[in-house]
Amino acid sequence: MCGIIGIVSQEPVNQAIFDGLSVLQHRGQDAAGIVTSDGKRLYSQRDNGLISNVFQSQHMCMLQGNMGIGHVRYPTAGSSSASEAQPFYVNSPYGITMAHNGNLTNDDSLKKEMFRQDRRHINTDSDSEILLNIFAQELQKQDIYRVKPENIFQAVSGVHRRCLGAYAVTAMITRDGLVGFRDPNGIRPLIYGKRETEHGTSHILASESVSLLTQGYKIVRDIEPGEAIYITLNGEVYTQQCAENPQYNTCIFEYVYFARPDSIIDDVFVHKARMRMGHKLAEKVQREWSGHDIDVVIPIPDTSRTSALEMAMMLGIPYREGFVKNRYIARTFIMPGQAKRKKSVRQKLVPIASEFKNKNVMLVDDSVVRGTTSQEIVQMVRDSGAKNVYFASASPAIRYPNIYGIDMPAASELIAHGRTEAEVAEAIGADRIIYQELDDLIASITEGNPKLTHFDCSVFTGQYVTGETEEYFNQLRERRSDAAKKNKNAKMAPIDLLTNN
């Protein structure tokens with residue numbers, strides 16, 4: 001999962017892009033990058049690290065121009081090398097840069113096709129570079145001197161025909177304008193907004209609405225699945241549906257975990273959806289465990305707070321904060337490597353022992369993925385004197401890998417895969433575990449927008465909207481398991497051909 005942003009304005013955009021990325025930092029802490037254009041040339045800064053480390057005063061001064069795109073990276077496909085920090089750039093045609101959120105599922109075949117058919121060389125292991133080159137090739141084969149909206153839309157249509165998987169994109173054509181598009185299933189989010197300033201109208205595209213609202217932009221609407229938007233340097237806006245059979249299959253995990261609670265995704269307030277998740281969890285407890293002995297409900301910060309509070313209120317049980325969080329540790333779930341994740345839990349969370357001592361505690365988390373974090377937390381609670389430790393997940397059991405941009409690579413690394421609920425509870429050391437029902441999770445979201453009738457729920461069901469083969473999952477397991485990442489990152493990083501200035 002990554003965060004993307006793009007702005008076209010009548011004034012410099014460097015600070016606005018930086019500020020927009022700062023509220024998307026939760027979507028990726030591995031690397032960051034910004035590329036701007038003054039209509040003649042590009043200015044780039046990208047590197048590993050948080051945005052506060054990647055962009056210093058000298059970099060901000062160098063990022064000139066009234067148009068630009070930005071990216072924060074969370075690695076799934078590819079590696080954590082600085083050479084794979086985005087946005088990516090390709091010279092031909094026109095000079096195009098691109099920031100991508102998502103994951104292509106046919107990247108291996110596309111990479112071969114790009115070389116054999118299009119004579120394009122892919123320099124990294126990132127599927128985002130492949131996506132950029134596909135878009136560039138679809139523009140180049142039209143053989144036009146300067147791009148027009150119809151050329152952009154024809155190129156995006158070509159991308160949809162060739163690429164499978166999840167992709168929300170902001171791209172910039174150096175002398176012409178800003179492009180945004182979303183895959184035909186709308187798996188990854190992209191929202192459009194604008195604001196009026198003394199210099200004219202400013203336009204923005206971003207992964208989440210917080211990037212708009214925190215800077216005074218008004219939300220215009222979400223980009224539809226399969227749709228493309230083109231905004232010229234002069235601020236002219238064009239949109240067109242570019243897919244043959246678009247349909248909403250938004251990633252349901254955006255609402256469970258990734259998005260900020262103050263975001264609005266596809267017209268659904270994330271905070272409200274998480275409240276309803278807590279409500280549904282409480283109803284399940286009342287339905288299946290009416291004689292419970294829960295003394296206190298405690299969230300595992302931060303994402304689960306909203307659901308935990310609503311659950312406690314519905315059950316009539318005290319809600320307490322039981323952990324102090326070190327906010328300078330990255331999100332544990334998206335850390336590469338099991339050992340690093342496990343070590344970071346006790347660095348990140350410190351229990352307040354008095355809230356647990358001699359109590360039957362219901363811990364609430366947004367999900368249970370590998371189980372490493374949950375196991376460590378349950379043990380910390382027991383060490384703090386809890387009598388019984390129960391565990392509630394705001395999402396159903398995650399039993400299958402995610403292939404659309406979330407780091408859940410191998411089924412064997414998911415604690416619920418092949419296990420019953422009782423076996424999961426035993427594995428994490430809890431006395432009982434309660435999972436959200438999938439129908440209840442879907443209802444929690446669709447209540448905010450009844451037009452959303454389908455979601456990507458593949459991590460719960462094993463059903464993938466892009467129809468991958470067993471061979472694909474075998475290759476995925478080999479490439480993206482924790483062991484594979486450890487071996488890969490131990491190797492020397494390739495030379496970065498796009499120099500950071």
Side-chain angles (χ1 to χ4, degrees), residues 1 27 101-102 166 168 182-192 207-210 213 219-227 241 243 245-288 303-311 313-314 364-368 392-400 402 404-406 408 434-466:
M1 192 71 61
R27 298 184 69 89
N101 174 30
R182 202 171 173 190
D183 69 77
N185 290 296
I187 297 173
R188 293 286 156 242
L190 188 64
I191 192 167
Y192 164 58
S207 294
E208 294 186 32
S209 60
V210 288
L213 299 176
I219 295 173
V220 176
R221 63 180 179 87
D222 293 279
I223 302 303
E224 297 285 323
E227 185 183 23
Q241 178 54 251
N245 297 297
Q247 178 180 302
Y248 270 106
N249 283 285
T250 305
C251 176
I252 206 163
F253 228 71
E254 290 281 355
Y255 302 96
V256 171
Y257 174 80
F258 270 103
R260 279 178 45 142
D262 48 347
S263 281
I264 304 167
I265 295 180
D266 292 326
D267 287 331
V268 177
F269 286 86
V270 175
H271 174 70
K272 290 287 188 180
R274 290 176 183 167
M275 286 180 64
R276 292 188 286 267
M277 291 175 204
H279 190 109
K280 298 289 187 182
L281 270 176
E283 288 180 342
K284 183 173 182 180
V285 171
Q286 292 169 334
R287 185 172 64 248
E288 298 184 0
T303 319
S304 62
R305 279 197 171 103
T306 306
S307 297
L309 180 57
E310 189 69 12
M311 182 183 184
M313 291 175 63
M314 279 290 297
V364 181
D365 207 350
D366 49 74
S367 58
V368 184
S393 168
S395 71
I398 297 170
R399 304 186 189 277
Y400 303 94
N402 183 279
Y404 300 125
I406 302 177
M408 301 177 190
I434 298 170
Y435 280 110
Q436 185 83 267
E437 297 294 328
L438 181 55
D439 287 345
D440 287 342
L441 176 59
I442 292 173
S444 298
I445 299 164
T446 57
E447 187 175 328
N449 181 2
K451 294 180 180 179
L452 298 179
T453 57
H454 297 83
F455 295 89
D456 168 45
C457 301
S458 54
V459 295
F460 311 128
T461 65
Q463 298 174 359
Y464 299 88
V465 295
T466 50

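Computed from a predicted model, the values in this text were never measured in an experiment. All values below were derived from every heavy atom in this structure, side-chain atoms included, with hydrogens, water molecules and symmetry-related copies excluded.
- Taking the six-membered ring for Trp and thresholds of 30 and 60 degrees, Y255 and F455 have ring planes more than 60 degrees apart, a perpendicular arrangement.
- Between R276 atom CZ and E310 atom CD the span is 10.0 Å, to the nearest 0.5 Å.
- Closest non-hydrogen pair, P396 versus F460, comes out as O-CE2, 3.5 Å.
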Quick one: side chains of residues 262-271, donor-acceptor pairs under 3.5 Å with protein atoms, not counting sequence neighbours, listed by atom name and distance.
unit_1 : atom_1 : unit_2 : atom_2 : d
D262   : OD1    : R260   : NE     : 3.0
D262   : OD2    : R260   : NH2    : 2.7
S263   : OG     : E208   : OE1    : 2.5
D266   : OD1    : R182   : NH1    : 3.1
D266   : OD1    : R182   : NH2    : 3.3
D266   : OD2    : R182   : NH2    : 2.9
D266   : OD2    : T250   : OG1    : 2.9

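- Rounding to the nearest 0.5 Å gives a distance of 4.0 Å between CD1 of I191 and CD1 of I219.
- Nearest heavy-atom pair across A168 and L190 is CB-CB, 4.3 Å.
- Atoms CG and SG, from D456 and C251 in turn, are 5.5 Å apart once rounded to the nearest 0.5 Å.
- Considering only residues two or more places apart in sequence or on other chains, Y248 meets the ring-ring contact (aromatic ring centres under 6.0 Å, His included) condition with none of them.
- Not a single side-chain hydrogen bond (donor to acceptor under 3.5 Å, both in side chains) links D366 to another residue, sequence neighbours left out.
- In this structure, the side chains of R274 and T303 come closer than 4.5 Å at one or more pairs of heavy atoms.
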field: side-chain contact (heavy atoms from CB on, under 4.5 Å) assessment of Y404 paired with D183
entry: CA-CA 11 Å; Y404 300 125; D183 69 77; over 6 Å; no
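- Judged as a side-chain hydrogen bond (donor to acceptor under 3.5 Å, both in side chains), and not counting sequence neighbours, the contacts of E254 are R27, R188.
- Without hydrogens or angle criteria, S367 side chain to S395 main chain gives no donor-acceptor distance under 3.5 Å.
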- prompt: Going through the checks in order, is the side-chain contact (heavy atoms from CB on, under 4.5 Å) test met by N185 and H454?
  reply: CA-CA 9 Å; N185 290 296; H454 297 83; over 6 Å; no
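- Remark: L438 CG to C457 SG distance equals 5.0 Å, nearest 0.5 Å.
- In this structure, the side chain of Q241 engages the main chain of A243 through a donor-acceptor pair within 3.5 Å.
- The structure places CZ of F258 at 5.0 Å from CD1 of I406, a figure rounded to the nearest 0.5 Å.
- Taking the salt bridge (charged side-chain N to carboxylate O under 4.0 Å, His left out) definition, one finds that R221 meets it with E227, sequence neighbours left out.
- Residues N249 and P225 fail the side-chain proximity criterion, which asks for heavy atoms closer than 4.5 Å.
- Considering only heavy atoms from C-beta on, V285 comes within 4.5 Å of M311 through its side chain.
- Residues in residues 434-452 take part in these side chain to side chain donor-acceptor pair (under 3.5 Å) pairs, two or more places apart or across chains: K284-E437.
- At most 12 heavy atoms of other shown residues, nucleotides or ligands fall within 6.0 angstrom of atom CE in M313.
- Here the shortest heavy-atom pairing between Y400 and G462 reads CD1-N, 3.3 Å.
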